[in-house]
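Quick caveat: nothing in here was measured; it's all calculated off a predicted structure. Convention: sequence-line order gives letters A, B, ...; per-chain numbering from 1.
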Amino acid sequence: MTQRTEDHPRISSPRHQAHPIHQTDQTSQTHHPSQTHHPSQTRLLPPPDQPIIDLDAHLAWFGPLPYRGTPATLIDEVKAAGLTGRGGAAFPVHRKLSAVLASAARNKAARNGRARPIVVGNAAEGEPASAKDKSLLLLAPHLVLDGLQLAAQAVGATEAVLYVGMEPASADWLDGLIGQRQATGLDRAPVRLVAAPPRFIAGQESALVSRISGGPALPMFTPPRVFERGVDGRPTLVQNVETLAHLAQIARYGAAWFRAVGTPDEPGTAIWTLRQADGRVEITEAALGTPVTRLLDLRDTQAVLVGGYHGAWLPAATAAELSLTNAALRPHGAAVGAGVLAALPASRCGLAETARIVRYLALESAGQCGPCRNGLPRIAAALADLATVTPDRPLTDPFIIDDLARWSGLVQRRGACAHPDGTVRLVASALRTFSGEVDAHLLGRCTAASGEPFLPVGPGPVTEKDWR
Amino acid sequence: MHYSSVVLWYTSRATGVVSLVLLTAVVVLGLLVSRQRQLPGLPRFGTVSLHRYLSLLAVGFLAVHIATAVVDSYVSISPIAVVVPFTSAYKPIWLGLGAVSLDLMIAVIGTSLLRARIGRRTWRVVHWLAYGSWPVAIAHGIGSGPDLNSGWLLGLTIASVLAVVAAIGWRIAGALRASPRARLVPDLLATHGAHDPAAIGHRAVMPTEAGQTAQAAYPAKTTALHAKIRAVQQ
Amino acid sequence: MPATSTANEPAAKATPASTRLRVNPIACSGHGVCAELLPELISLDEWGYPVIADAPVPVSLLKQARRTVTDCPALALTLARRCLPSQAAADR
């Protein structure tokens, strides 16, 4: 079955890509992108328009699934490779694996019935601007499923869950692939597909656990952390699906291979969702440390959104000098995050864009915590007010900047999850990056040529059912 | 012996009535706390404290009410019948209701004394038993003796029932009127006139050239702005 | 990898240097009793929700802090010993 790529963004090759060299080693004849002389940056994603769906083709291309036997060998390899999570938080993967393993061991010793860990592949991708996880699942699903099995073995889990935010048709297709693997006996841990609701925070760790345990996808108060008590009270490993795909490659080709690209502190590749200024949306894979200009066309761009809707706006001139590592981005208040890079055209209004996004983020609040459900709508309303001023209808609130600053301070670190913190990060970066526009708006004018929307937002939840 | 029995009997009835009044106050205060209201003149923790201290006072009066009833040899109520419902020789049904009410109360007050040690959910679930304890206590009072059925004590009973019914009605009304959680943010956005997303951006824009000139003309008040943003980021 | 000790430690175990007051923002409904009982550490924001000082509870206030935890109508406060500084900040 040829996977049609119309439903998701065009896959592009990085400009410098060398096609994978087919290397034969003594033990097996395989065609896989493992090579040491010319490390390729396209490791996870198959060649453009050639998704690897068929299980045999997958095993032929990447090599057999290398179950390790003991958890320790894989965890050590992952630690040596320096793999960090690709879901946004960039947490070291080996530490998560060890934590779940240790938690399960403690529970076993305590005989409290919670000794069976469970692993979850997180493909909720609630970020409207991001499409990398959906694309990966449509183009190289078996890599993700391999990673899920290896992670399960590493923590001693005998069950796995794939948590996907996809239309039913795609989910059914994935279910079929899972069934096929089960039938051939390749998968040792049975995999269950759980649908994630299309909420921004559906992929948050504790919201995910709540949903998979049968409840709504609402964050829960921690402690205990999910590696201690997660799904059904059991130690739970949650990893983004891209992270699992990298894991599947590290297990095959080793830590040294993984480190052959990227930077010493942030090795390996990542998948990026690129939103170019002309409206094209592309998915590409590039090593960490790649300059922004290599991926984004910054002509006709005033600012770049880095990371996603919990990320930060950077002026185009600043972004042009940066490369894509957390080390380079953090001093500017940004981070790699969910791997979204969006180039805002020069003709648009950054404030209007941000106001629309923040209104969406406010609607996507779980509404469980007083500071968030009070602060985010007020911030959103103020930004909307600021964005829509005209000479005839100036600002309602002359102290708008003071109010924004106060509310931003009041919502940070006072919720059960990081949703208010991420929203405030975006708002603060917008006020910094679009400060000229802010000044104009404070005087009742907009300097942009067009107020048309550029970045996508969703409709927001309406009833309790929208959280299941 | 007859004299002391009369003293015991009257003491039991009197302390029973006082317990009922105190428990009525406890239930009403509990409903006030759940709806986050203050008693006029008292701070918020005062309402909470009063609720708790009155419940402990009620337990005190209840202890005397039960002890005198058991000790009094005029009626046969074994100590077991105090906690095991419907096992008393004297008026087993009505006294049994008293035992039921007492059992529920022990659970409620016991868990509340230990509330910092048990989970939040456990405490809440058990505390709901209070809604069962009070009407059972009233039924016990009405059926166990003739006191509450006539005279000013009947008036007291009616007033207590009305107070609790009104308080519960007020609580239910508040719960019904409260917005469901999923509506909280949209309602607040609407209150603050947050324009719908389609409207954001559709307003008078300046042509690009004029815009650039205008942008150059406005002095950047960024220093103050950056200071405020930095303060927020701390 | 132990995280913060779970809620409701008997106070005898809590050492002054590392005992912190935390509010469960999901359970909190903004009663405001805590701010009355422990104004030295807790104030209310403009919406009625507690803002807790980000510092360990001083020894002199430990007893009052324990009372405040017990008296919260929503049982939303905890007094916890912190075993690890927030490694919890990542992967939320």
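Taking 4.5 Å as the limit, every side-chain heavy atom of Val185(B) sits out of range of all side-chain heavy atoms of Leu376(A). Counting only heavy atoms from C-beta outward, the side chains of Leu218(A) and Arg181(B) approach each other to under 4.5 Å.
Within a 6.0 Å sphere centred on CZ of Phe86(B), heavy atoms belonging to other residues, nucleotides or ligands number more than 12. Within 6.0 Å of CG in Leu114(B) there are more than 12 heavy atoms belonging to other residues, nucleotides or ligands. Other residues, nucleotides and ligands contribute only 12 or fewer heavy atoms inside 6.0 Å of the CZ atom of Arg299(A).
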*Just do the side-chain contact (heavy atoms from CB on, under 4.5 Å) check on Arg378(A) and Leu188(B) with the steps written out, would you?*
CA-CA 8 Å; Arg378(A) 286 178 169 86; Leu188(B) 190 52; 3.5 Å; yes
*Can you check side-chain contact (heavy atoms from CB on, under 4.5 Å) on His192(B) and Asp397(A), steps first, answer last?*
CA-CA 11 Å; His192(B) 286 257; Asp397(A) 173 14; over 6 Å; no
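Of the listed residues (Arg348(A), Gln368(A), Arg373(A)), the greatest number of heavy-atom pairs within a distance under 4.5 Å of chain B belongs to Arg373(A).
Of the two parts of Val462(A), the backbone and the side chain both hold a non-hydrogen atom closer than 4.5 Å to a non-hydrogen atom of chain B.
Nearest heavy-atom pair across Pro377(A) and Leu189(B) is O-CD2, 3.5 Å.
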